[in-house]
Amino acid sequence: MDLPQPQPQPEPLLRAESRLPDESPDLPQTRIELDGGLTLRAFEGEADLPEFFRVIEESLEHLRPWMPWVSQHSLASTSAFLTGRAELWADGVQYSYAIVLDGAIVGSCGLHRHDEETPADTLEIGYWLHPAATGLGIATRAARALISQAFRLPTIHAVEIVHDSANHPSAAVPTHLGFTLHLHRPHTPTAPAETGTDHIWRLTRTT
C-alpha cells in the first residue's frame with residue numbers, strides 16, 4: 001500500500017512541471033469530491049509543502065513499520081516528491097493525490113505500478129493516512145474512488161492493492177471493495193515490520 005517517494009534533489013524549488021495537469025476524459029480526474037467533507041486532489045507542488053511536511057512529521061512513527069521511504073524522510077525529499085508529481089502524472093507514470101478532510105490534508109493516495117512485475121494493463125492503489133484519520137473508513141473510500149479513476153484509462157483492465165502479510169489492517173480495504181487475493185509473493189523486506197511476503201489483491205474491470 002506504500003506510495004513511492006523519490007530521493008532528495010539538490011534544487012527542490014518549484015518548477016514549471018509542478019502545475020496541475022489538464023483534465024482529460026482518458027486520464028484520472030485531478031479533483032474528486034466525495035461525501036462527508038472528503039476530497040482527493042492532485043498535489044499543488046510546493047504550495048502544499050508546509051502542510052504536507054507537517055502531516056508526514058506527525059505520522060512518522062505510525063508509518064515507519066510499513067513505509068520504506070520513512071527512513072529517508074526530510075524536507076528536501078518531501079519537496080522533491082511534490083515538485084515531481086505533475087510531470088509523472090502527465091507521463092502516465094503515477095497519479096498522486098492529497099487526501100483532504102474538511103479542508104485539511106490527512107494523507108496521500110494514488111495509482112502507480114508496483115514494480116517491473118506489474119502487468120502493463122494493471123495499476124496499484126497505494127495510500128497512507130495520518131494516525132488521527134485512521135479507523136474512519138477514509139482509506140476504503142479513497143481506494144474505491146481510485147478504482148473508478150484507474151478504469152478511466154482505456155489500457156487499464158485491473159487494479160491491485162499490495163501489502164506485507166503482517167500488515168493486517170491493510171487487508172480490510174481490498175476485502176471491503178471486492179478484491180480477490182490473487183497472489184502471495186516473496187520480497188526483500190525494506191521496512192522494519194515487513195516479513196518478506198506480499199499479499200497481492202486484484203480487481204478486474206467488468207465492462
Side-chain angles (χ1 to χ4, degrees), residues 1-7 9 17-18 20-30 32 40-43 63 66-73 77-78 80-99 107-129 139-140 142-165 167 170-171 173-175 177-191 194 196-207:
M1 60 175 277
D2 61 314
L3 289 173
Q5 285 204 351
Q7 297 301 309
Q9 301 296 314
E17 63 265 26
S18 294
L20 288 177
D22 294 331
E23 293 284 0
S24 166
D26 292 331
L27 288 176
Q29 296 169 284
T30 58
I32 307 161
L40 311 182
R41 64 162 175 82
F43 283 104
L63 299 174
W66 309 112
M67 302 294 186
W69 55 263
V70 167
S71 64
Q72 303 297 321
H73 167 68
S77 66
T78 305
F81 175 84
L82 291 171
T83 57
R85 295 303 92 192
E87 182 178 13
L88 291 170
W89 189 299
D91 291 342
V93 177
Q94 292 182 26
Y95 304 98
S96 301
Y97 294 88
I99 302 176
S108 177
C109 64
L111 296 163
H112 63 280
R113 286 194 167 83
H114 184 74
D115 54 29
E116 65 277 359
E117 296 184 20
T118 303
D121 67 349
T122 301
L123 288 175
E124 180 187 346
I125 295 173
Y127 46 84
W128 64 264
L129 291 170
T140 299
R144 181 183 292 113
L146 291 181
I147 293 168
S148 297
Q149 298 305 308
F151 291 150
R152 285 168 63 98
L153 296 160
T155 61
I156 297 303
H157 297 286
V159 289
E160 293 181 341
I161 291 177
V162 181
H163 64 84
D164 188 87
S165 61
N167 191 353
S170 283
V173 173
T175 299
L177 295 176
F179 283 65
T180 299
L181 185 55
H182 171 67
L183 184 67
H184 295 174
R185 185 174 66 192
H187 72 99
T188 301
T190 54
E194 290 185 336
T197 300
D198 276 338
H199 286 187
I200 301 174
W201 298 78
R202 177 171 290 181
L203 183 69
T204 303
R205 184 197 292 266
T206 57
T207 58

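Quick note: numbers below take in every heavy atom, side chains included, and nothing from hydrogens, waters or symmetry partners.
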(request) Run the numbers on I200 and R185 for side-chain contact (heavy atoms from CB on, under 4.5 Å), then give the verdict. (result) CA-CA 8 Å; I200 301 174; R185 185 174 66 192; 3.4 Å; yes
Within the distance-only criterion (no hydrogens, no angle test), does the side chain of [X] pair as donor or acceptor with the backbone N or O of [Y] below 3.5 angstrom?
X    : Y    : answer
T175 : A171 : yes
R144 : L177 : no
Q29  : Q149 : no
R152 : L27  : yes
R205 : F151 : yes

Atom pair [atom1]/[atom2] of [X] and [Y] - distance to nearest 0.5 Å:
X    : Y    : atom1 : atom2 : answer
R113 : L123 : CZ    : CG    : 5.0 Å
E160 : T204 : CD    : OG1   : 9.0 Å
S108 : L63  : OG    : CG    : 10.5 Å
E194 : H187 : CD    : NE2   : 4.5 Å
Q72  : T78  : CD    : OG1   : 11.5 Å
F81  : F43  : CZ    : CZ    : 5.0 Å

(message) Which residue in the set L181, V162, I161 passes side chain to side chain contact (heavy atoms under 4.5 Å, CB included) when paired with H199?
(response) L181
Minimum heavy-atom separation for [X] to [Y], with atom names?
X    : Y    : value
A143 : V173 : CB-CG1, 3.8 Å
A139 : L129 : N-CD1, 3.9 Å
I99  : A142 : CD1-CB, 4.4 Å
L203 : F179 : N-CD2, 3.5 Å

(message) Please identify which of these residues, W89, Y127, W128, meets the ring-ring contact (aromatic ring centres under 6.0 Å, His included) condition with Y97.
(response) W89
(request) Take L146 and V159 through the test side-chain contact (heavy atoms from CB on, under 4.5 Å) and record every step on the way to the result. (result) CA-CA 9 Å; L146 291 181; V159 289; over 6 Å; no
(request) Determine, step by step, whether R85 and S96 satisfy the side-chain contact (heavy atoms from CB on, under 4.5 Å) criterion, reporting the C-alpha distance in whole Å, the side-chain angles of both residues, the deciding distance to 0.1 Å, and the verdict. (result) CA-CA 7 Å; R85 295 303 92 192; S96 301; 3.0 Å; yes
(request) Check the pair L111 / I125 against side-chain contact (heavy atoms from CB on, under 4.5 Å), numbers first and verdict last. (result) CA-CA 5 Å; L111 296 163; I125 295 173; 3.6 Å; yes
